[in-house]
Amino acid sequence: REWNGSFNFETYRILEEISQEMNNLVAEHPGLGRKVNIGYPFENRLMNVLKFSTGGDKLAIWLGAGIHAWEWVTQLSSPWTASKIASDYGNDPSITLILDIMDVFLLPVTNPDGYVLSQTKTHMYRKTRSKLSGSLCVGVDPKWNWDTGFGGPGANNNSCSNSYHRPSANSEVEVKSLEDFTKSHGEVKAIITLHSYSQLFLFPWVYACAESHNFDELEIKNEVAQENAQSLSSLHGTTYKMGPVCLLMYQGSGGSIDWFNDSGIKYSFVFALRDTGLYGFLLLANQTLPTAKGTWLGLKTIMEHIQDHPY
Amino acid sequence: QETFVGQILEIIPRNEEQIKNLVELEPKEHLQLNFWKSPTIPGETAHVRVPFVSIQAVKVFLESQGIVYFIMMESVQVLLDKKNEEMLLYQR
């Protein structure tokens with residue numbers, strides 16, 4: 001029943017179901033979508049990314065979801081987003097134009113080990129599953145494990161903490177795989193990492209507050225953010241706070257958003273998706289589709305901006 | 001599956017000192033707190049999961065410090081059960 005585009009996006013899904021839907025999508029759009037394996041996390045599951053391409057290797061936009069296991073709505077938004085990209089190609093002029101000149105990569109579940117654990121053992125699980133000798137606690141927060149300003153202020157060195165960064169940068173295969181892919185591809189122009197909770201649209205920097213950085217660059221990010229804000233509120237009136245992480249939230253070290261930015265990817269953003277303000281990580285299933293649809297308008301606006309302002 | 005008998009509190013620190021007090025709560029292992037949204041800026045909400053065994057102690061602490069809080073989720077487990085039921089229903 002689910003084969004012919006009847007996948008129900010409005011319910012929470014286990015990893016296998018998301019994976020199967022990715023297969024279905026590729027089968028339904030053989031000229032546009034294909035699966036690319038970029039690595040194997042600690043428990044040897046697959047890190048499969050969907051590549052939407054009209055041919056060849058073009059400049060690329062990367063969308064990554066599910067780095068934090070307990071943010072289930074993020075993992076659920078990605079299959080809908082994938083389906084939307086595929087079905088809009090050839091029908092929506094804007095998406096058609098974007099895909100004619102750029103490739104779009106979408107990683108639906110960046111932390112598959114953690115996602116499985118959060119659905120089988122403990123819902124409140126966020127980290128990877130790698131083991132650290134000498135510690136009773138397992139896993140690392142993949143958000144703080146990147147090779148940029150690593151180990152500086154704000155990062156957590158308590159291995160039992162939810163935001164533990166581990167002693168060395170990119171020790172986590174989930175992180176290393178993304179770093180390696182980005183470097184080897186060489187033409188990734190935008191990275192948007194999707195989280196849930198709090199309704200935020202964040203841009204660099206985390207490790208240092210914006211005053212010390214290039215003002216022009218910040219202006220460009222602000223411009224994208226303002227366009228994005230209008231799109232995001234157009235469907236449900238959802239309001240997002242926007243700004244550099246350091247100013248809006250806290251200072252941290254080894255953050256993914258900074259690594260991408262420092263690697264020369266000018267459009268490096270983090271989306272914290274919609275919630276109702278009442279449910280947090282426990283956002284109920286009937287809210288997943290409205291969340292995905294609202295987010296899509298923002299994502300589309302950002303992709304259009306990137307296409308209009310190449311570098 | 002692990003059960004989560006407890007509540008989610010929404011806490012609104014008024015100033016830097018209250019933020020510091022909240023941050024210092026996190027590593028206290030006996031309280032088993034789990035910050036969903038950390039205290040960062042005065043006036044911004046923080047969300048913390050408090051297990052049943054620590055609820056009284058945490059609320060007394062917050063009130064003694066004059067830190068404003070609300071109960072954001074009365075029972076985490078009720079919501080988790082609802083979510084699991086929905087998943088099972090669709091899987092069937």
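To find a chain, count down the sequence lines: A is the first, B the second, and so on, and within it residues start at 1.
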Trainee: Quick one: CG on A:Asn158 to CD on B:Glu26, what's the gap to the nearest 0.5 Å?
Mentor: 9.0 Å

Trainee: Can you tell me how far apart OG1 (A:Thr11) and CG (B:Leu88) are? Round to the nearest 0.5 Å.
Mentor: 9.5 Å

Trainee: Listed by chain and number, what are the ring-ring contact (aromatic ring centres under 6.0 Å, His included) partners of A:Tyr250, not counting sequence neighbours?
Mentor: A:Trp144

Trainee: Using a heavy-atom cutoff of under 4.5 Å, enumerate the residues of residues 123-136 of chain A that contact chain B, numbered in order, or state 'none'.
Mentor: A:His123, A:Met124

Trainee: Sort by residue number and list every member of residues 16-24 of chain B having a non-hydrogen atom under 4.5 Å from chain A.
Mentor: none

Trainee: Would you indicate whether the side-chain heavy atoms of A:Trp72 and B:Met87 approach each other to under 4.5 Å?
Mentor: yes

Trainee: Find out whether A:Leu284 and B:Leu79 are in side-chain contact, i.e. whether some heavy atom of one side chain is under 4.5 Å from a heavy atom of the other.
Mentor: yes

Trainee: Taking all atoms of both residues into account, what is the closest heavy-atom pair of B:Glu86 and A:Ala285, and its distance?
Mentor: OE1-CB, 3.1 Å

Trainee: Please identify each residue that fulfils ring-ring contact (aromatic ring centres under 6.0 Å, His included) with A:Phe201, with sequence neighbours left out.
Mentor: A:Phe269, A:Phe271

Trainee: Would you compute the distance between atom CG of A:Leu248 and atom OG1 of B:Thr40 and round it to the nearest 0.5 angstrom?
Mentor: 8.0 Å

Trainee: Tell me whether the count of non-hydrogen atoms from other residues, nucleotides or ligands lying under 6.0 Å of NZ in B:Lys59 goes above 12.
Mentor: yes

Trainee: Sort B:Glu29 into side chain, backbone, both or neither according to what part of it lies under 4.5 angstrom from a heavy atom of chain A.
Mentor: neither

Trainee: Hey, which of A:Asn286, A:Asn162, A:Thr120 has the most heavy atom pairs under 4.5 Å with chain B?
Mentor: A:Thr120

Trainee: Evaluate side chain to side chain contact (heavy atoms under 4.5 Å, CB included) for A:Leu282 paired with B:Trp36, printing each intermediate quantity in order.
Mentor: CA-CA 11 Å; A:Leu282 305 184; B:Trp36 284 11; 3.9 Å; yes

Trainee: Do the side chains of A:Tyr12 and B:Asn84 get nearer than 4.5 Å, heavy atoms only?
Mentor: no

Trainee: As an exercise, state the distance from NZ of B:Lys37 to OH of A:Tyr197, rounded to the nearest 0.5 Å.
Mentor: 7.0 Å

Trainee: Which atoms of A:Ile14 come close to chain B, meaning under 4.5 Å heavy atom to heavy atom: side chain ones, backbone ones, both, or neither?
Mentor: both

Trainee: Could you grab the distance from atom CD of B:Gln1 to atom CG of A:Leu117, nearest 0.5 Å is fine?
Mentor: 9.5 Å

Trainee: Quick one: pull up CD in B:Glu44 and OG in A:Ser198 and give me the separation to the nearest 0.5 Å.
Mentor: 8.5 Å

